[in-house]
Amino acid sequence: MVKGLLWGYNGAMPEPSQKVTYLSAMEVFRDLSPEEMAWIDQVTTSFTCPRGRILYTPGQTGEVLFLLKKGQVSIYRLSLEGKKMVLATLSANTLFGEMALVGQGMYDAFAEASEESELCTMSRGDLERLILTKPAVGLRLLEAMSQRLLEAETTLEDMAFKRAPGRLASLLLRVAQEQGGELIVE
């Protein structure tokens, strides 16, 4: 009964919702029990947003973790001249907005739906409760943030040390890897 009290879940197991099915496919939740996923279903809010909707802006207080179920979201920054620098293009089964929740308190970039998208949000308090009761989830969040940091460092290194043809080659290789395809050079 401790688990039921811990998670605030005390009923018979319902059939998994479509939302739970999507969230179960996310790496961060990969080994949670059906009861734990039912709790996540209860504490997350789902919504659909049209292409072009801004999900957050720099300086906005980070109160939720975003879980992208379907669609695509661009994370970017704008220069003073209005030039857009895309930091990441995220696709289904990805989470974002975690940096504002685990330390800095505010978002440092824009997040915009680049196509119609289905998302879920989880509050800071619920995420903290989940991490405290399931440390493996916290470790997976750290892994995701570490991977993003490594990608950013690689991009910065390419910009600092490679000329345009080398940067283009690195970009093409990275895109091919992300798409799961092969790069054919003739």
Side-chain angles (χ1 to χ4, degrees), residues 1-49 53 55-58 60-76 87-114 117-154 177-178 180:
M1 235 352 127
V2 172
K3 184 182 257 186
L5 293 174
L6 177 66
W7 289 96
Y9 185 79
N10 57 7
M13 283 304 300
E15 288 297 315
S17 70
Q18 186 177 17
K19 179 170 70 169
V20 167
T21 303
Y22 281 119
L23 294 176
S24 296
M26 298 187 76
E27 179 67 17
V28 72
F29 302 132
R30 76 171 175 239
D31 60 358
L32 297 183
S33 70
E35 293 86 7
E36 292 161 341
M37 288 306 300
W39 178 80
I40 289 175
D41 187 21
Q42 291 176 355
V43 300
T44 56
T45 302
S46 291
F47 65 98
T48 300
C49 66
R53 178 172 174 198
L55 300 165
Y56 58 75
T57 60
Q60 185 178 348
T61 303
E63 295 298 326
V64 296
L65 175 69
F66 291 89
L67 308 159
L68 181 58
K69 295 180 350 182
K70 282 185 180 178
Q72 193 172 59
V73 171
S74 293
I75 308 296
Y76 62 90
L87 304 172
T89 302
L90 308 173
S91 55
N93 298 326
T94 307
L95 56 92
F96 61 99
E98 71 280 358
M99 291 300 290
L101 294 177
V102 296
Q104 64 195 42
M106 290 190 279
Y107 299 114
D108 62 353
F110 291 88
E112 178 180 341
S114 18
S117 300
E118 291 182 29
L119 298 108
C120 289
T121 58
M122 178 182 276
S123 73
R124 175 192 299 262
D126 288 329
L127 180 61
E128 288 173 357
R129 202 169 6 268
L130 178 61
I131 290 170
L132 289 172
T133 58
K134 294 296 285 189
V137 171
L139 290 173
R140 285 191 214 103
L141 281 171
L142 284 174
E143 288 170 5
M145 290 187 297
S146 296
Q147 183 61 38
R148 288 204 188 128
L149 179 58
L150 179 61
E151 290 168 4
E153 288 173 346
T154 300
Q177 288 174 343
E178 288 172 3

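With a 4.5 Å cut-off on side-chain heavy atoms, Pro58 and Asp108 do not count as touching. In this structure, Trp39 and Leu32 have side chains that are not in contact, with every pair of non-hydrogen atoms separated by 4.5 Å or more. With contacts defined as side-chain heavy-atom distances shorter than 4.5 Å, the pair Leu55/Cys49 qualifies. Residues Arg129 and Leu132 are not in side-chain contact: their nearest non-hydrogen atoms beyond the backbone lie 4.5 Å or more apart. Residues Ile40 and Phe29 meet the side-chain proximity criterion, which asks for heavy atoms closer than 4.5 Å.
A donor-acceptor pair is defined here as one N or O able to donate and one able to accept, closer than 3.5 Å; no such pair exists between the side chain of Ser117 and the backbone of Ala113. No side-chain donor-acceptor contact under 3.5 Å links Lys69 to the backbone of Tyr22. The backbone N or O of Leu90 lies less than 3.5 Å from no partner atom in the side chain of Thr94, so there is not a single donor-acceptor pair. A donor-acceptor pair under 3.5 Å is formed between the side chain of Glu36 and the backbone N or O of Ser33.
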Test log, rule side chain to side chain contact (heavy atoms under 4.5 Å, CB included), inputs Val64 and Arg124: CA-CA 6 Å; Val64 296; Arg124 175 192 299 262; over 6 Å; no
Criterion side chain to side chain contact (heavy atoms under 4.5 Å, CB included) on Leu119 and Arg53, from CA distance to verdict: CA-CA 12 Å; Leu119 298 108; Arg53 178 172 174 198; over 6 Å; no
Trace of the side chain to side chain contact (heavy atoms under 4.5 Å, CB included) decision for Leu141 with Leu95: CA-CA 9 Å; Leu141 281 171; Leu95 56 92; 3.7 Å; yes
For Leu149 and Met145: C-alpha separation, side-chain torsions, deciding distance, then whether side chain to side chain contact (heavy atoms under 4.5 Å, CB included) applies. CA-CA 6 Å; Leu149 179 58; Met145 290 187 297; over 6 Å; no
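One finds a salt bridge joining Arg148 and Glu98 here, because a Lys/Arg side-chain nitrogen approaches an Asp/Glu carboxylate oxygen to under 4.0 Å.
A distance of 11.0 Å separates CG of Asp41 from CD of Gln18, quoted to the nearest 0.5 Å. With rounding to the nearest 0.5 angstrom, the CD atom of Glu63 is 7.5 Å from the OH atom of Tyr107. In this structure, CG on Leu23 lies 6.5 Å from CE on Met26, to the nearest 0.5 angstrom. In this structure, the separation between OG on Ser46 and NZ on Lys19 is 4.0 Å, given to the nearest 0.5 Å.
Taking all atoms of both residues into account, the shortest heavy-atom contact from Asp126 to Met122 is CB-CG, 3.9 Å. What you find for Cys120 and Thr44 is that their closest heavy atoms are CB-CB, 4.3 Å. Considering every non-hydrogen atom in both Val28 and Arg140, the closest pair reads O-NH1, 2.8 Å. Across every non-hydrogen atom of Ala111 and Ile75, the tightest pair is CB-CD1, 3.6 Å. The nearest pair of heavy atoms linking Ala92 to Lys70 is CB-CA, 4.2 Å. In this structure, Glu112 and Tyr76 approach most closely via the heavy-atom pair OE1-OH, 2.7 Å.
Between Phe66 and Phe96, the ring-plane angle classifies as parallel under the 30° and 60° cut-offs.
No side-chain N or O of Gln147 forms a donor-acceptor pair with one of Glu143 less than 3.5 Å apart.
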